[in-house]
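A short worksheet on the structure shown next.
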Amino acid sequence: MKIFHLSAECYPLAKVGGLADVVGALPKYQNQLGCDSMVIMPFYNTKYTQNNTFEEVFSGRIHLGSHLVDFQILNLKSDDLGFEVFCVHIPELLYRTDVYCNDDSFRFMAFQVAALDWIKQMQNLPDIIHCHDHHSGIVPFMMSHSFVYERLRYIPSVLTIHNGQYQGWTGMETASLIPHFKADRLGFLIWRNMINPLASAIKCAWKVTTVSPSYMQELMYKANGLEDLLRHESAKCVGILNGIDTSVWNPKDDGNLMKTYTARTSASGKQANKEFLCKEFNLNPEKPLVAFIGRLVGEKAADLLPYACDFGLETTDANILILGSGDPQVEYQLNALKEKHHGRYNAFIGYDEKLSHLIYAGADFLLMPSRVEPCGLNQMYALRYGTVPVVNRVGGLKDTVVDFSLEHGFGVTFDNASVADIVNAIQRCMYFYSEEKRFKANQKTMMGIDHSWDKSAQDYLDLYTSLKQN
Ligand code: ADP
């Protein structure tokens with residue numbers, strides 16, 4: 001089965017968050033199941049694209065309203081990823097160091113039209129076109145309604161919602177950029193008086209998936225304005241839990257670590273990484289280390305972190321380490337805490353992939369107080385590295401973490417994104433940590449939990465097969 005994934009991000013070419021990790025792994029696991037799965041994404045100016053070779057396989061010219069835009073399709077010349085990557089190269093629009101900018105409606109429209117123009121002339125058309133988030137949300141509409149893409153009309157399209165908060169809203173004038181379609185189809189693009197690419201994809205895709213079952217249920221009641229639409233389309237909606245790429249995220253041979261380890265050697269391996277981290281960040285390796293990794297935004301409840309860290313440090317013995325960037329006010333507050341809790345708290349404001357691996361390995365606890373978490377990968381990485389996830393029970397966090405007070409439990413959970421709940425959870429972490437024997441045994445248990453892509457990749461394949469049979 002030939003599958004095209006259309007996405008704004010794909011690890012390791014360009015990553016802002018979990019979307020990149022998923023699109024950078026799912027095709028590889030689909031290929032292991034015998035598919036021919038590949039990625040189409042914009043060609044950005046990133047370290048990876050600078051340091052790798054690409055070959056032009058197609059060139060064309062698209063009309064975006066009155067604009068004429070030339071594009072090339074570049075094929076990544078590497079076998080390392082386990083799947084093929086094709087990049088849409090439009091230097092003036094897409095070749096930037098940032099994935100997301102303030103003219104994204106136009107940029108991603110150009111990306112989508114160019115991608116479909118390339119696909120439509122192929123001799124072997126794909127069996128499935130799989131769109132990820134709103135950046136490729138107009139594709140299902142164009143496949144169904146634009147005259148120039150008539151050839152693609154019977155190819156099933158799938159939308160995966162990685163994050164329903166962002167929908168790509170844009171003004172009505174954007175409709176004029178879309179290749180010609182009947183005027184009475186305009187309604188498929190619109191939701192609440194705006195062109196809404198995510199809503200359009202929910203209406204037009206053959207199937208809609210989200211990245212965890214609980215997130216799908218939550219979206220029916222809380223989806224940043226799309227609740228009614230999702231309830232209306234619920235018959236074609238399904239939640240499939242993300243997996244993690246266990247070849248990239250593996251403490252056994254992770255080149256980013258100070259010391260690699262397995263479940264058997266987890267105690268000494270984790271301690272060596274913790275000591276290195278603590279030295280780097282002036283923390284005490286004898287104390288329990290609670291870490292946070294992520295975007296400093298409201299969805300992750302980052303605004304609560306400065307207060308929760310402050311009270312948590314005042315009321316417990318914990319050390320706390322933060323890695324993240326985002327809201328400047330939160331960044332400022334997190335930096336300001338360094339002085340007050342010198343030697344017990346530190347924060348690295350920025351994005352650092354290597355450091356994130358080290359923290360998953362060296363921390364004892366990974367805090368995720370998210371208000372919204374469609375799937376969440378961090379808690380699965382934490383488990384894989386023997387680090388206790390400490391999570392607010394929403395979305396995928398609810399589906400993957402069981403509190404240590406329950407039968408077969410291994411994590412720490414709470415029920416509200418509030419300062420009081422986070423501080424209480426940190427206090428419970430200290431209690432868990434003090435039960436040394438159980439805590440160490442739990443590290444091994446967590447490392448044995450299987451969140452690899454194998455099952456989810458099969459679930460997606462079953463879904464595609466059901467569409468092909470219709
Ligand atoms: P989201 O996509 O909402 O940001 P996910 O949990 O799905 O959240 O994925 C987050 C991914 O981004 C993880 O791989 C995490 O390690 C990584 N990440 C987030 N912030 C940083 C950072 N500042 N430095 C390094 N990696 C980060």
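Whatever order the structure lists ligands and atoms in, that order sets their numbers, starting from 1. Side chains are part of it too, since the values below use all heavy atoms of this structure and drop only hydrogens, waters and symmetry mates.
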For Gly376, atoms of ligand 1 separated by under 4.0 Å from a heavy atom: 6 (O)
Nearest non-hydrogen protein atom, atom 20 (N) of ligand 1: Gly294 CA, 3.5 Å
N-O pairing of Lys15 and Glu353 below 4.0 Å: yes
Closest protein heavy atom (residue, atom, distance) for atom 23 (N) of ligand 1: Gly350 O, 2.8 Å
N or O pair under 3.5 Å between Gly18 and ligand 1: yes
Inter-residue atom distance Asp399.CG - Gln379.CD, 0.5 Å rounding: 9.5 Å
Contact check: Asn378 vs ligand 1, nitrogen or oxygen atoms, below 3.5 angstrom: yes
Mutual orientation of the aromatic rings belonging to Phe365 and Phe432 [parallel < 30°, tilted 30-60°, perpendicular > 60°]: tilted
Shortest protein heavy-atom distance from atom 18 (N) of ligand 1, along with the residue and atom involved: Tyr351 CE1, 3.8 Å
Short side-chain to backbone donor-acceptor contact, Lys207 and Cys237, under 3.5 Å: no
Leu355 and ligand 1 - part of the residue with a heavy-atom distance under 4.0 Å: neither
Where at least one partner belongs to residues 310-332, residue pairs that pass ring pair (Phe, Tyr, Trp, His ring centres under 6.0 Å), sequence neighbours excluded: none
Ligand 1 contacted by Pro374 (non-hydrogen, < 4.0 Å): no
Residue-ligand contact Tyr381/ligand 1, heavy atom below 4.0 Å: yes
Lys300 and ligand 1 - part of the residue with a heavy-atom distance under 4.0 Å: side chain
Mode of Leu377 contact toward ligand 1 - side chain, backbone, both, neither (heavy atoms, under 4.0 Å): both
Atom indices of ligand 1, in the order listed, that fall short of 4.0 Å to a heavy atom of Gly324: 23 (N)
Nitrogen or oxygen of Trp249 less than 3.5 angstrom from that of ligand 1: no
Minimum-distance protein heavy atom relative to atom 24 (N) of ligand 1: Asp352 N, 3.0 Å
Cys375 touching ligand 1 at heavy-atom level, < 4.0 angstrom: no
Basic-acidic side-chain contact under 4.0 Å: Glu314, Lys340: yes
Side chain to side chain donor-acceptor pair (under 3.5 Å) partners of Lys28, counting only residues at least two apart: Asp245, Ser247
Geometric class of the His357/Trp249 ring pair [parallel <30°, tilted 30-60°, perpendicular >60°]: parallel
Close approach of Lys15 to ligand 1, heavy atoms, under 4.0 angstrom: yes
Side chains of Val391 and Thr400 in contact at under 4.5 Å (non-hydrogen atoms): no
Closest approach of any protein heavy atom to atom 16 (O) of ligand 1, naming residue and atom: Tyr360 OH, 2.8 Å
Salt bridge Arg393-Asp421, side-chain N to carboxylate O under 4.0 Å: no
Contact (N/O only, under 3.5 Å) between Asn163 and ligand 1: no
Residues Arg384 and Asp254 bridged, charged N to O under 4.0 Å: no
Ring centers of Tyr100, His135 separated by less than 6.0 Å: yes
Protein contact to atom 4 (O) of ligand 1 [nearest heavy atom, distance to 0.1 Å]: Arg295 NE, 2.8 Å
